[in-house]
Number of protein chains: 2
Amino acid sequence: MGRLEMSGEDNLLRLVEAEDGDENNYHLQDQVGFILRKAHQRHVSIFASHIGDLTPPQFAALAKLHDIGETSQNQLGTLIAMDAATVKGVIDRLKARDLVEVSKHEVDKRRLLVNLTPKGREAIERLIPLARAITEETLAPLTAKETATFLRLLAKLA
Amino acid sequence: MGRLEMSGEDNLLRLVEAEDGDENNYHLQDQVGFILRKAHQRHVSIFASHIGDLTPPQFAALAKLHDIGETSQNQLGTLIAMDAATVKGVIDRLKARDLVEVSKHEVDKRRLLVNLTPKGREAIERLIPLARAITEETLAPLTAKETATFLRLLAKLA
DNA sequence: CTGATATCATTTGCATACGAATGAATTTGA
DNA sequence: TCAAATTCATTCGTATGCAAATGATATCAG
């Protein structure tokens with residue numbers, strides 16, 4: 001790969017390649033997937049330092065319910081990007097803490113309607129300002145201009 | 001917030017705010033954490049479609065071992081951004097499939113050394129080209145210039 | 001109208017991910 | 001030197017996250 005010219009340093013390169021194989025120049029830390037995973041981990045850690053008793057998925061469920069009101073469990077999952085199995089666990093745990101309540105759909109008996117309880121509404125309204133701080137801290141390494149660019153490009157990938 | 005002028009539409013706005021509270025303008029889908037989570041999900045899905053029998057963390061462990069050679073389980077975890085409990089599970093599963101092998105450190109009896117088996121080396125060398133395709137597909141929505149910008153900014157956040 | 005499809009929810013199984021607690025081994029510092 | 005602090009690995013508990021299978025209900029097509 002790129003063996004267009006032969007200099008003294010290329011001999012060393014040849015030795016290294018002979019030792020480690022030609023895939024030696026693959027570096028995990030440069031791969032978008034690996035960096036994406038780390039950036040996500042950092043965000044979750046920042047989130048936890050601000051909001052200790054709720055996870056990001058739980059927060060997402062409450063925030064979305066606050067935004068759109070009662071909806072089916074499945075529809076909620078679609079809106080917050082969770083598959084059916086995952087959203088069930090999240091709702092079960094919020095239900096156990098009396099932050100949401102569920103009820104059967106009158107007409108379509110397959111559907112499980114989910115809604116905020118008063119306690120859940122109080123909680124999410126109290127937490128949304130903290131969420132803004134979390135976003136700010138997550139993006140702190142970037143300038144305002146970089147942030148705008150980053151969010152635009154990130155959205156393209158999501 | 002921003003109630004500087006009073007037009008006809010502001011009456012409607014007041015009604016909406018009275019109904020939903022002043023935090024009505026918080027939208028989950030604009031938050032960096034939520035988009036980050038979705039982008040990561042998309043990448044994992046692309047990864048799985050190319051490499052079905054290995055997860056991204058398992059791949060990361062093999063790729064790092066291939067890059068640096070034998071190392072301790074803990075050190076490996078640091079290099080691939082996994083805490084001790086997580087890396088243990090990953091290594092256990094790779095060990096069960098004979099892709100890595102572990103041994104005791106001669107001097108420091110606390111350490112567990114991890115290394116690729118021949119089978120593991122063969123596997124990772126075969127998979128690295130696929131990983132390049134995965135990266136490409138993940139970044140496909142961006143132009144080359146956007147990709148460079150995105151990776152630079154993402155690295156700042158990770 | 002009814003059989004084929006599709007949708008909604010649940011369950012199971014597996015794989016991260018991390019906090020906290022524990023135990024063994026090593027290093028440090030007074 | 002030896003007690004305190006640190007490091008390495010393990011275990012436990014909890015929480016996503018997803019594939020696949022299942023059952024109940026609803027919709028569609030002929």
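All values reported here derive from a predicted model rather than from experimental measurement.
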Requested in this report: Output yes when a side-chain donor or acceptor of A/Lys119 lies under 3.5 Å from a complementary backbone atom of A/Arg97, and no otherwise.
Outcome: yes

Report task. Just call it for B/Val87: base, sugar-phosphate, or nothing, with non-hydrogen atoms closer than 4.0 Å on any strand. Result -> nothing

Report task. Evaluate the ring planes of B/Phe47 and B/Phe59, with Trp represented by its six-membered ring, and classify them as parallel (under 30°), tilted (30 to 60°) or perpendicular (over 60°). Result -> perpendicular

Query raised in the report: Heavy atoms under 4.0 Å, any strand shown: does B/Val114 hit a base, just sugar-phosphate, or nothing?
Result: nothing

**Report entry** Same cluster (ILVMFWY, side-chain, under 4.5 Å), A/Leu76 and A/Leu113
**Finding:** no

Requested in this report: Respond yes when some side-chain nitrogen or oxygen of A/Arg93 is under 4.0 Å from OP1 or OP2 of D/dT16, and no when none is.
Outcome: yes

Requested in this report: Can you tell me the distance, in whole Å, between the NZ atom of B/Lys38 and the C1' atom of D/dC18?
Outcome: 17 Å

Query - Interatomic distance, A/Leu76 CG vs D/dT16 C1' [rounded to whole Å] - result: 15 Å

Extract from the structure each pairing of a protein N or O with an N or O of nucleotides 17-19 of chain C at less than 3.5 Å, listing the distance.
unit_1	atom_1	unit_2	atom_2	d
C/dA17	OP1	A/Arg37	NE	3.4
C/dA17	OP2	A/Arg37	NE	2.9
C/dA17	OP2	A/Arg37	NH2	3.3

**Report entry** Atom-to-atom span, CG of B/Asp108 to C1' of D/dA9 - whole angstrom
**Finding:** 11 Å

Report task. Check whether any side-chain nitrogen or oxygen of B/Ser72 sits under 4.0 Å from OP1 or OP2 of D/dC8, and answer yes or no. Result -> no

Query raised in the report: Just how far, in rounded Å, is P of C/dA15 from CG of B/Leu94?
Result: 10 Å

Query raised in the report: Quick one: the side chain of B/Arg110 and the base of C/dT26, do they pair up donor-acceptor inside 3.5 Å?
Result: no

Query raised in the report: Is any side-chain nitrogen or oxygen of B/Lys109 closer than 4.0 Å to OP1 or OP2 of C/dA24?
Result: no

Query raised in the report: Rounded to whole angstroms, how far apart are NZ on B/Lys88 and P on C/dA20?
Result: 21 Å

**Report entry** Length of the CG-P vector between B/Leu112 and D/dC8, whole Å
**Finding:** 12 Å

Query raised in the report: For the residue pair B/His40 and A/His40, does the interplanar ring angle fall in the parallel (under 30°), tilted (30 to 60°) or perpendicular (over 60°) class?
Result: parallel

Query - A/Asp108: which of A/His105, A/Lys104, A/Arg111 passes side chain to side chain donor-acceptor pair (under 3.5 Å) - result: A/Arg111

Query raised in the report: CG of A/Asp92 versus C1' of C/dT11: gap in Å, rounded?
Result: 12 Å

Report summary line: note: A/Gln58, atom CD; D/dT16, atom P; distance rounded to Å ~ 4 Å

Query raised in the report: Within the structure, does a side-chain N or O atom of A/Gln73 lie under 4.0 Å from either OP1 or OP2 of C/dT10?
Result: yes

Query raised in the report: Hey, does the side chain of A/Ser72 reach the backbone of A/Leu112 with a donor-acceptor pair shorter than 3.5 angstrom?
Result: no

Query raised in the report: How many angstroms lie between atom CG of B/Leu54 and atom CZ of B/Arg93, to the nearest 0.5 angstrom?
Result: 11.5 Å

